[in-house]
Amino acid sequence: MPKPISDLTHKENVLIMDELAYDREQLKADHDQNFVKMTDEQRKIYDEVLSAVIEKKGGVFFVYGFGGTGKTFLWRLLSAAIRYRGEICLNVASSGIASLLLPGGRTAHSRFGIPINPDDFSTCTLIKGSDQANLIKESSLIIWDEAPMMSKHCFESLDRSLTDIIGNKDNLPFAGKVVVLGGDFRQVLPVIHGAGRAEIVLASLNSSYLWKHVKVLRLTKNMRLMSNNLSPEEAKDLHEFSQWILDVGDGNIGQGNDGEALIDIPEEFLILDANDPIESISKAVYGDSISLQQNKEPKFFQERAILCPTNEDVDKINQHMLDSLDGLLFFS
Ligand SMILES: Nc1ncnc2c1ncn2[C@@H]1O[C@H](COP(=O)(O)OP(=O)(O)OP(=O)(O)O)[C@@H](O)[C@H]1O
């Protein structure tokens with residue numbers, strides 16, 4: 001088993017100190033509690049990734065699983081397994097909202113200094129010898145959630161920068177670091193303004209030179225359906241919904257799906273009151289404006305979000321929601 005990082009080596013690197021400051025006993029207790037709950041397929045992935053870390057073999061894995069198959073559950077277990085051993089696990093996600101679900105999560109852009117518009121030759125803004133570069137150099141595992149939505153150039157920029165910082169380790173990708181990418185290619189691919197299907201596919205992670213090094217590991221069981229807290233009616237609804245989402249993603253719904261398709265959305269998913277659409281969406285998600293104003297329960301807000309296809313809609317809906325709430329507004 002690798003030795004924990006010596007405190008003396010990095011006592012002046014705040015970023016490393018932060019990553020080593022987890023309560024290891026608590027992490028081990030949480031880890032052990034969830035370890036026994038893993039399904040066989042989760043356990044297989046856990047073992048494979050952990051042995052790549054422990055044996056210092058390097059390796060790039062892609063955990064391919066649709067929503068609810070337990071990817072976040074696995075990221076939590078893996079990061080706890082690394083951290084309670086006194087090593088560094090960097091948890092990143094392609095979007096800010098996904099990074100909030102990961103313990104100690106950050107966006108990949110902020111953690112690695114990925115440029116805003118990377119291309120075939122870009123590198124990250126990491127400076128060799130800096131605290132940020134040394135943190136990444138010392139990490140034992142990188143977990144990168146929602147990977148398919150980022151351009152392949154983001155991963156390639158990190159690959160080039162790691163080779164620069166760590167050196168070329170047997171021509172291994174990411175300079176021999178163990179990297180676990182996760183997500184579902186049925187969901188959002190890189191967004192490129194005005195691009196057609198071919199351009200988007202070409203920009204995707206699996207069109208990268210890195211992809212030939214990636215070992216794809218699959219999660220196939222919807223763990224949300226296994227929850228003991230569901231009534232038979234709720235389990236049936238959830239099953240039907242997740243099957244419908246999968247069928248949309250697999251292109252089984254809408255005829256002649258060659259990039260554009262018309263999809264019938266079942267009526268129970270629609271908000272039919274179109275007089276004041278934004279108010280109707282707000283009401284469907286957060287309830288009426290009086291109970292919204294009175295609600296001070298953080299968990300209620302944590303469990304809800306309104307997703308929009310364009311920034312213009314985001315601004316309109318945000319303004320509407322802010323107008324409905326009491327209190328002061330703080331910008332961060
Ligand atoms: N082995 C398990 N035992 C018990 N509960 C589990 C297990 N795996 C996952 N879960 C639970 O199932 C639910 C879905 O898992 P999780 O959120 O990790 O899936 P996901 O693949 O990350 O989903 P999404 O992509 O939608 O975020 C969570 O409540 C999680 O705690």
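Each ligand, and each atom within it, is numbered from 1 in the order the structure gives.
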Handout entry: atom 13 (C) of ligand 1 - nearest protein heavy atom and its distance
Key = R224 CG, 4.0 Å
Problem - Protein heavy atom under 4.0 Å of atom 2 (C) of ligand 1 - result: yes
Fill in the blank from the handout: If we number the atoms of ligand 1 from 1 as shown, the ones under 4.0 Å from a heavy atom of M38 are 1 (N)
Handout entry: Enumerated ligand 1 atoms positioned under 4.0 Å from heavy atoms of K37
Key = 1 (N), 2 (C), 3 (N)
Problem - Contact atoms of ligand 1, heavy-atom distance to G67 under 4.0 Å - result: 23 (O), 24 (P), 25 (O), 26 (O)
Problem - Top protein contact for atom 23 (O) of ligand 1, by heavy-atom distance - result: G68 N, 2.8 Å
Fill in the blank from the handout: Partner of C154 under side chain to side chain contact (heavy atoms under 4.5 Å, CB included), picked from S94, P115, P118, is P118
Fill in the blank from the handout: Counting from 1 in the order shown, the ligand 1 atoms closer than 4.0 Å to a non-hydrogen atom of G70 are 9 (C), 15 (O), 16 (P), 18 (O), 19 (O), 20 (P), 21 (O)
Handout entry: Residues in ring-ring contact (aromatic ring centres under 6.0 Å, His included) contact with W211, at least two apart in sequence or another chain
Key = F62, F185
Completion exercise
Near F66 (heavy-atom distance under 4.0 Å), the atoms of ligand 1 are 21 (O)
Problem - All ring-ring contact (aromatic ring centres under 6.0 Å, His included) counterparts of W75, not counting sequence neighbours - result: none
Exercise for the section: Would you mind telling me if ligand 1 is within reach of the side chain of M226, the backbone, both or neither, using heavy atoms under 4.0 Å? Expected result: neither
Completion exercise
The protein heavy atom nearest to atom 18 (O) of ligand 1 is F73 N, 2.8 Å
Fill in the blank from the handout: When distances are taken from atom 25 (O) of ligand 1, the protein heavy atom at minimum range is K71 NZ, 3.0 Å
Practice task
Verify the ring-centre separation between F35 and Y46: is it less than 6.0 angstrom?
Solution key: yes
Handout entry: Top protein contact for atom 10 (N) of ligand 1, by heavy-atom distance
Key = M223 CB, 3.7 Å
Problem - Euclidean distance, L189 CG relative to S151 OG, rounded to 0.5 Å - result: 11.5 Å
Exercise for the section: Measure from NZ or CZ of R304 to the centre of the six-membered ring of F300, then state whether that distance is under 6.0 Å and the direction lies within 45° of the axis. Expected result: yes
Practice task
Establish, yes or no, whether a centroid distance under 6.0 Å links the rings of F241 and F269.
Solution key: yes
